[in-house]
Amino acid sequence: MGQDGLVTFWPAPHVDVPVHATVTLPGSKSITNRALILAALADGPSTITGALRSRDTDLMIAALRALGTSISGDADTLHVTPAKLGGGTVDCGLAGTVMRFLPPVAALATGDVAFDGDAQARVRPLRTILDALRGLGADIDGDALPFTVHGRGALRGGPVTIDASGSSQFVSGLLLSAARFDQGLTVHHDGKALPSMPHIEMTVEMLRRADVRVQAPEDSRKAQTWVVEPGPIRAVDWDVEPDLSNATPFLAAAAVTGGEVKIPHWPRLTTQPGDVIREILVRMGAEARVFDGILTVRGPERLAGIDIDLHDVGELTPTVAALAALADSPSLLRGIAHLRGHETDRLAALSTEINRLGGKVSETEDGLEIVPTPLHGGAWHSYADHRMATAGAILGLRVPGVEIEDIGTTAKTLPNFVSLWEHMLNDGAAH
């Protein structure tokens with residue numbers, strides 16, 4: 001939306017030459033928001049370096065401050081000093097991490113914590129986490145935004161069974177605060193396969209770095225039960241990796257234009273799901289290699305379609321769908337029925353928008369079938385969904401006349417997307 005409330009459209013840049021650029025990205029939202037929660041619950045002050053500053057992370061910072069945590073510093077270095085948590089008001093915006101990670105923290109506060117968010121957030125499923133907290137001893141009014149947690153300064157904890165097949169954030173949200181529950185936590189997932197397992201592995205790894213004792217399933221494919229022992233959360237100085245999911249549209253630019261994009265500071269080992277983009281691009285015909293901490297992707301002359309299960313890396317779906325629409329053979333994206341409950345129904349949104357530009361996309365029970373056809377320009381609606389907006393930008397590179405509604409929604413995780421995108425293309429023009 002423009003400042004006056006009018007819908008604004010951004011003409012997506014179109015190029016006739018291969019893109020050549022180096023793009024340096026800010027930190028990971030997933031790691032930043034987990035580090036903020038762990039720092040707020042820790043046994044002493046800590047520093048977060050390389051933190052992402054975006055709408056989602058600023059909402060998390062504001063929420064923790066509202067509960068009494070001291071967070072100072074600007075830009076990407078934050079100093080966090082824990083304090084006794086009290087009541088307050090939390091604006092979740094559209095941030096799943098805020099609305100699902102903070103209710104357990106609020107249960108540990110003394111006082112009422114009122115949660116609300118954007119209009120679109122009020123339809124997002126939250127009952128799983130709220131019912132779980134009630135089962136662990138919390139007093140909560142409401143089953144979706146707006147809701148109120150009546151914090152009593154402590155939470156009993158103990159065993160709880162949930163169905164987290166709608167979002168891995170339900171498990172992560174409980175695990176992050178669990179060491180501070182009187183009895184710790186045993187969370188058992190009873191339902192279909194969990195989506196986005198790498199995000200739960202990220203949570204477990206970060207907890208262990210803070211000396212929290214966590215038992216996690218050996219085989220993540222059969223992941224069912226996690227146990228967190230009660231005890232302190234050690235203060236850790238966190239160094240945040242770049243956000244690999246935010247890298248995917250830039251790497252896709254190399255793939256769809258037959259160009260070359262380099263991303264520095266690519267981690268050698270990571271729990272971020274975005275790392276899987278390397279394998280996906282290679283399977284579609286591109287080259288991807290990491291040397292000296294720099295990932296280089298070279299695009300092929302012709303992009304091949306792909307048949308892939310994206311269950312664990314659902315957030316990559318908008319990028320992969322855009323790649324598939326520009327490939328020269330059909331694609332099948334599977335295992336992503338849970339995306340119907342994301343920021344928007346991403347499966348319906350992707351099929352609607354690609355088809356609006358002349359594409360041939362059909363929804364399956366658990367994904368998308370994409371048959372490439374020549375596309376034409378037109379309006380691309382973003383549904384207040386940052387990854388929908390960047391998917392439109394990828395298509396615009398090859399399809400003249402794509403106009404993206406509300407490109408500003410990319411600020412959710414990447415505040416300077418437009419300038420990075422335009423800089424990448426200008427960088428390429430200099431070659």
Side-chain angles (χ1 to χ4, degrees), residues 1 26-41 48 50-80 82-83 85-109 112-126 129-130 142 144-149 151 167-170 172-173 176-177 199 202-203 206 238 240 243 245-246 315 342-344 382-387 389 406 408-417:
M1 290 277 184
S28 156
K29 175 192 77 171
S30 301
I31 296 175
T32 300
N33 274 354
R34 282 165 174 76
L36 281 164
I37 295 245
L38 291 172
L41 296 174
I48 302 172
L52 173 69
R53 297 308 297 269
S54 72
R55 185 178 185 217
D56 277 19
T57 56
D58 286 345
L59 286 165
M60 183 67 86
I61 291 166
L64 289 168
R65 280 181 178 148
L67 302 186
T69 306
S70 166
I71 303 176
S72 63
D74 45 17
D76 61 356
T77 301
L78 299 171
H79 305 286
V80 184
L85 298 171
T89 302
V90 170
D91 175 10
C92 300
L94 273 175
T97 47
V98 179
M99 63 186 82
R100 291 169 179 154
F101 292 0
L102 266 175
V105 178
L108 295 168
D112 290 353
V113 183
F115 286 77
D116 204 354
D118 291 8
Q120 295 105 313
R122 292 184 169 191
V123 299
R124 292 190 71 177
L126 294 178
I129 190 100
L130 301 180
L145 289 169
F147 63 86
T148 300
V149 178
S167 172
S168 66
Q169 289 176 349
F170 294 129
S172 287
L176 285 165
S177 298
H199 276 131
M202 174 190 292
T203 301
M206 290 179 71
W238 301 99
V240 179
D243 193 310
S245 292
N246 278 339
E315 65 195 52
H342 272 217
E343 273 84 342
T344 183
S382 59
Y383 303 81
D385 182 333
H386 54 134
R387 299 201 198 284
D406 187 21
T409 194
T410 50
K412 183 175 174 18
T413 58
L414 190 54
N416 54 344
F417 171 75

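In what follows, every heavy atom counts, from backbone to side chain, and hydrogens, waters and symmetry copies are set aside.
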Exercise. Looking only at heavy atoms, which two atoms of P82 and A39 are closest? And how far apart?
Worked result: CG-O, 3.3 Å
Problem set entry | Minimal non-hydrogen separation, A40 against V80, with atom names | N-CG1, 4.0 Å
Exercise. Which distance, rounded to the nearest 0.5 Å, do you find between the OG of S245 and the CZ of R387?
Worked result: 4.5 Å
Exercise. What is the minimum heavy-atom distance between L414 and P26, and which atoms define it?
Worked result: CD1-CG, 3.4 Å
Problem set entry | Any residue meeting side-chain contact (heavy atoms from CB on, under 4.5 Å) with D76, in chain and number order, not counting sequence neighbours | none
Problem set entry | Inter-residue atom distance L85.CG - L108.CG, 0.5 Å rounding | 7.0 Å
Problem set entry | Backbone N/O of K412 and side chain of S54: donor-acceptor pair under 3.5 Å | yes
For this session: Apply side-chain contact (heavy atoms from CB on, under 4.5 Å) to the pair L64 and I71, showing each step before the final yes or no.
Result: CA-CA 8 Å; L64 289 168; I71 303 176; 4.0 Å; yes
For this session: State which residues pass side chain to side chain donor-acceptor pair (under 3.5 Å) with D112; sequence neighbours excluded, sorted by chain then number.
Result: H150
Exercise. So how far is it from Q120 CD to Y383 OH, rounded to the nearest 0.5 Å?
Worked result: 12.5 Å
Problem set entry | Gap between atom CD1 of I31 and atom CG of D243 - 0.5 Å precision | 8.0 Å
For this session: Taking all heavy atoms of I129 and all of F170, pick out the closest pair and write down the distance.
Result: CD1-O, 3.6 Å
For this session: Would you check, one step at a time, whether the test side-chain contact (heavy atoms from CB on, under 4.5 Å) holds for L145 with R124?
Result: CA-CA 8 Å; L145 289 169; R124 292 190 71 177; over 6 Å; no
Problem set entry | Spacing of I48 atom CD1 and W238 atom CH2 [to the nearest 0.5 Å] | 8.5 Å
Solution key, residues 89-103 side-chain donor-acceptor pairs under 3.5 Å, sequence neighbours excluded:
unit_1 : atom_1 : unit_2 : atom_2 : d
D91    : OD1    : G93    : N      : 2.8
T97    : OG1    : N33    : ND2    : 3.0
R100   : NH1    : S167   : OG     : 3.3
R100   : NH1    : Q169   : OE1    : 2.9
R100   : NH2    : P125   : O      : 3.1

Exercise. Is the closest basic N to carboxylate O distance between R55 and D118 below 4.0 Å?
Worked result: yes
Exercise. When rounded to the nearest 0.5 angstrom, what is the spacing between CD1 in I37 and OG in S177?
Worked result: 6.0 Å
Problem set entry | Short side-chain to backbone donor-acceptor contact, T77 and G73, under 3.5 Å | no
Problem set entry | Smallest separation among heavy atoms of L78 and A51, with atom names | CD1-CB, 3.8 Å
Seminar exercise, completed: Heavy atoms of P415 and L52 approach each other most closely as CD-CD1, 4.4 Å
Exercise. Quick one: salt bridge (charged side-chain N to carboxylate O under 4.0 Å, His left out) pairs with a partner in residues 58-70, sequence neighbours left out?
Worked result: R53-D58
Problem set entry | Residues forming a side-chain contact (heavy atoms from CB on, under 4.5 Å) with S382, sequence neighbours excluded | A389, E405, D406, T409
For this session: Compare all side-chain heavy atoms of R34 with those of M60 and state whether any distance is below 4.5 angstrom.
Result: no
For this session: Give a yes or no on whether the backbone of A114 and the side-chain of T148 come within a donor-acceptor separation of less than 3.5 Å.
Result: no
Problem set entry | Steps toward side-chain hydrogen bond (donor to acceptor under 3.5 Å, both in side chains) verdict (T413, H386) | CA-CA 7 Å; T413 58; H386 54 134; 3.0 Å; yes
For this session: Could I get the full list of salt bridge (charged side-chain N to carboxylate O under 4.0 Å, His left out) partners for D116, not counting sequence neighbours?
Result: R122
Problem set entry | Any side-chain heavy-atom pair of T203 and L176 under 4.5 Å | yes
